[in-house]
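Notes for the one structure printed next.
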Protein chains: 2
Amino acid sequence: MNATRQTPDRPDLNVCVCANLRRATRMVTQAYDAALKPAGLRATQFTMLSVLAGRGRMRQSDYAEFLGMDGTTLTRNLQPLLKKQWIRIDRDDDKRVRLISITRPGQRVLDKAVPLWRTVQSQFVKGLGTEQWAGLLGALATTLDIARAD
Amino acid sequence: MNATRQTPDRPDLNVCVCANLRRATRMVTQAYDAALKPAGLRATQFTMLSVLAGRGRMRQSDYAEFLGMDGTTLTRNLQPLLKKQWIRIDRDDDKRVRLISITRPGQRVLDKAVPLWRTVQSQFVKGLGTEQWAGLLGALATTLDIARAD
DNA sequence: TCATGAAAGATGTATATGCAATTAAATTTG
DNA sequence: CAAATTTAATTGCATATACATCTTTCATGA
């Protein structure tokens with residue numbers, strides 16, 4: 001009985017949490033990117049716009065924290081959205097702070113993307129089944145907690 | 001009773017399979033990168049070397065397939081490893097094919113990285129617990145199957 | 001008040017990712 | 001056998017990711 005051996009002598013794609021996450025993320029992102037393509041945005045951009053649509057104007061730092069994204073990554077990820085004028089950046093009274101919000105064109109492209117998202121999303125949810133799906137979200141939340149506790 | 005509602009009206013970071021995967025992967029990769037830093041390699045590079053160490057010389061296309069990585073991504077990801085001479089690329093009789101293998105220096109840096117990997121890996125395995133850990137790997141395998149079936 | 005330190009973002013550099021299109025080599029087919 | 005097709009890998013372009021470092025602005029305390 002050695003079915004749940006946890007740290008084998010050999011590091012192995014089959015057990016490495018990071019390698020498994022990265023591989024799955026690559027493939028899943030390809031699927032979401034392809035599905036969202038007719039709307040003209042990528043998976044990351046869809047997520048970023050959804051957050052703004054759901055939560056309203058946010059401080060850039062809170063936005064990064066919520067996305068679990070490094071601040072410098074967020075700075076750069078804002079650029080494609082800005083160029084397409086899907087978001088706007090306002091200054092706060094505190095001149096260091098930037099406030100990010102979705103624009104009307106941003107909301108329109110998001111609305112156009114939602115049905116496409118729903119299709120690809122339900123493909124994965126159905127394929128996983130309720131149990132594995134809930135398990136996945138739970139496990140991902142746990143890994144987030146572990147990483148954030150570092 | 002609506003605890004397992006699967007496709008809400010609003011796309012939401014809290015349910016999007018892709019967004020959750022990407023966010024968790026960002027944070028987990030940061031942890032693995034930091035842990036492996038003393039050995040001088042990144043999480044992706046560690047994975048790529050591990051695969052070569054475990055499976056021996058591989059055709060580049062098989063290598064990409066195994067990693068669930070687009071061929072063009074693999075082409076570029078080989079470059080940092082080549083520059084550091086951790087891998088070598090040989091030609092096949094079929095002149096289109098490239099055969100990738102790990103070098104002695106590559107094996108040495110990998111050996112140095114393994115204990116570091118073991119530490120960070122066990123941190124996540126312990127934090128998840130046996131059940132969630134197995135569930136995570138299972139669910140990731142399922143998402144891979146779904147994405148590959150496209 | 002002003003020096004000091006902390007907080008918020010941006011920049012330099014490097015890696016990671018993949019689609020569209022291309023090049024080169026092998027295979028199939030007329 | 002020659003043309004057409006398929007296969008393997010690379011290149012052009014764009015996005016995604018983050019560490020180290022820098023600039024700007026604010027808060028704080030002697």
Side-chain angles (χ1 to χ4, degrees), chain A residues 18-19 21-38 40-48 58-65 67-84 86 89-100 147 150, chain B residues 18-19 21-38 40-48 58-65 67-84 86 89-100 147 150:
Chain A
C18 185
L21 272 173
R22 291 187 68 84
R23 179 169 53 179
T25 298
R26 280 192 293 269
M27 302 291 290
V28 169
T29 299
Q30 280 181 54
Y32 277 73
D33 276 351
L36 294 173
K37 185 151 204 170
L41 40 63
R42 312 271 230 88
T44 300
Q45 300 172 346
F46 178 80
T47 301
M48 289 176 67
M58 295 178 82
R59 284 168 153 252
Q60 188 170 317
S61 54
D62 293 341
Y63 193 22
E65 160 71 17
L67 291 165
M69 194 178 278
D70 185 89
T72 70
T73 300
L74 181 56
T75 292
R76 291 175 217 265
N77 286 358
L78 291 176
Q79 299 314 309
L81 303 182
L82 252 185
K83 198 179 314 177
K84 295 184 180 92
W86 292 339
I89 305 184
D90 296 300
R91 311 296 292 252
D92 191 77
D93 286 341
D94 182 338
K95 295 302 187 190
R96 292 170 302 181
V97 173
R98 267 115 180 116
L99 300 169
I100 317 296
D150 265 351
Chain B
C18 185
L21 272 173
R22 292 188 68 83
R23 180 169 52 178
T25 298
R26 281 193 292 268
M27 302 289 292
V28 169
T29 300
Q30 281 182 52
Y32 278 73
D33 277 350
L36 295 173
K37 185 152 204 171
L41 40 63
R42 313 272 231 90
T44 300
Q45 300 173 346
F46 177 81
T47 302
M48 289 176 68
M58 295 178 81
R59 282 168 153 255
Q60 188 169 317
S61 54
D62 293 340
Y63 193 22
E65 161 71 17
L67 290 165
M69 194 180 278
D70 185 271
T72 71
T73 299
L74 182 56
T75 293
R76 293 174 218 265
N77 286 358
L78 291 175
Q79 299 315 309
L81 303 181
L82 252 186
K83 197 180 315 177
K84 297 185 179 89
W86 291 340
I89 305 183
D90 297 301
R91 310 295 294 250
D92 191 78
D93 285 342
D94 183 336
K95 295 303 187 190
R96 293 170 302 181
V97 172
R98 270 120 180 110
L99 300 170
I100 318 296
D150 266 351

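Every chain is numbered from 1, with letters handed out A, B, ... down the list of sequences. Just so we're clear, the structure is a prediction, and the values are computed from it rather than from any experiment.
- Comparing D:dT17, C:dT17, D:dA8 against the side chain of B:Val97 picks out D:dA8 as the nearest.
- Applying the side chain to side chain donor-acceptor pair (under 3.5 Å) test to A:Thr75 and every residue at least two apart in sequence or in another chain returns A:Gln60.
- In this structure, the side chain to side chain contact (heavy atoms under 4.5 Å, CB included) partners of B:Arg42, at least two apart in sequence or on a different chain, are B:Asp33, B:Gln45.
- For B:Arg76, there are no side chain to side chain contact (heavy atoms under 4.5 Å, CB included) partners two or more places apart in sequence or in a different chain.
- Annotation: side chain to side chain donor-acceptor pair (under 3.5 Å) contacts of B:Gln30 (sequence neighbours excluded): none.
- Taking only side-chain atoms of B:Arg59, from C-beta outward, the nucleotide of D:dA8, D:dT15, C:dA16 with the closest atom is D:dA8.
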Mark up nucleotides 22-28 of chain C, 5' to 3', with B wherever a protein heavy atom is under 4.0 angstrom from a base atom, S wherever such an atom reaches only the sugar-phosphate, and - elsewhere.
---BS--

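- Where A:Lys83 and B:Asp62 each meet DNA chain D at their nearest nucleotide, the meeting point lying more 5' is that of B:Asp62.
- Of the possible donor and acceptor atoms, none in the side chain of A:Thr73 sits under 3.5 Å from a partner among the backbone N and O of A:Met69.
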Atom pairs under 3.5 Å: protein N/O with N/O of nucleotides 19-21 of chain D:
unit_1, atom_1, unit_2, atom_2, d
D:dC19, OP2, A:Asp70, OD1, 3.3
D:dC19, O3', B:Lys37, NZ, 3.4
D:dC19, N4, A:Thr72, OG1, 3.1
D:dA20, OP1, B:Lys37, NZ, 3.3

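- In this structure, A:Tyr63 places its OH atom 18 Å from P of C:dA8, rounding to the nearest Å.
- Under the side chain to side chain contact (heavy atoms under 4.5 Å, CB included) criterion, B:Ala147 pairs with A:Met27, A:Phe124, sequence neighbours left out.
- Rounded to whole angstrom, the span from the CG atom of A:Leu67 across to the C1' atom of D:dT17 amounts to 13 Å.
- Distance, B:Leu21 CG to C:dT17 P: 14 Å, rounded to whole Å.
- B:Gln45 comes within 4.0 angstrom of sugar-phosphate atoms only, judged by non-hydrogen atoms across all strands, and of no base.
- Residues satisfying the side chain to side chain contact (heavy atoms under 4.5 Å, CB included) test with A:Arg96, not counting sequence neighbours, are A:Asp94.
- Contact annotation: B:Ser61 side-chain N/O to D:dT7 OP1/OP2 distance is not under 4.0 Å.
- Looking at every heavy atom in both residues, A:Ala34 comes nearest to A:Pro38 through O-CD, 3.8 Å.
- Regarding B:Met69, its CE atom lies at a distance of 7 Å from the P atom of C:dG18, rounded to whole Å.
- Residue-level contact check: B:Thr75 touches the bases, meaning some heavy atom is under 4.0 Å from a base atom.
- The shortest distance between the side-chain N/O atoms of B:Gln79 and the OP1/OP2 oxygens of C:dA14 is not below 4.0 Å.
- Distance alone, capped at 3.5 Å, is enough to place a donor-acceptor pair between the A:Arg26 side chain and the B:Leu67 backbone.
- The CZ-P distance, from A:Phe46 to D:dT15, rounds to 19 Å in whole Å.
- Take A:Asp90 and apply the salt bridge (charged side-chain N to carboxylate O under 4.0 Å, His left out) test, not counting sequence neighbours, and it matches A:Arg57, A:Arg88.
- With sequence neighbours left out, the side chain to side chain donor-acceptor pair (under 3.5 Å) criterion links A:Thr72 to A:Asp70.
- Using a 4.0 Å cut-off, some side-chain N or O of A:Lys84 falls inside it from OP1 or OP2 of D:dT15.
- Nearest heavy atom pair, residue A:Leu36 against residue A:Leu41, reads CB-O, 3.4 Å.
- Rounded to 10 degrees, the angle separating the terminal axes of the helix from C:dT1-D:dA30 to C:dG30-D:dC1 is 10°, with each axis obtained from five end pairs.
- Between B:Asn77 and C:dT15, a side-chain N or O to OP1/OP2 separation shorter than 4.0 Å is absent.
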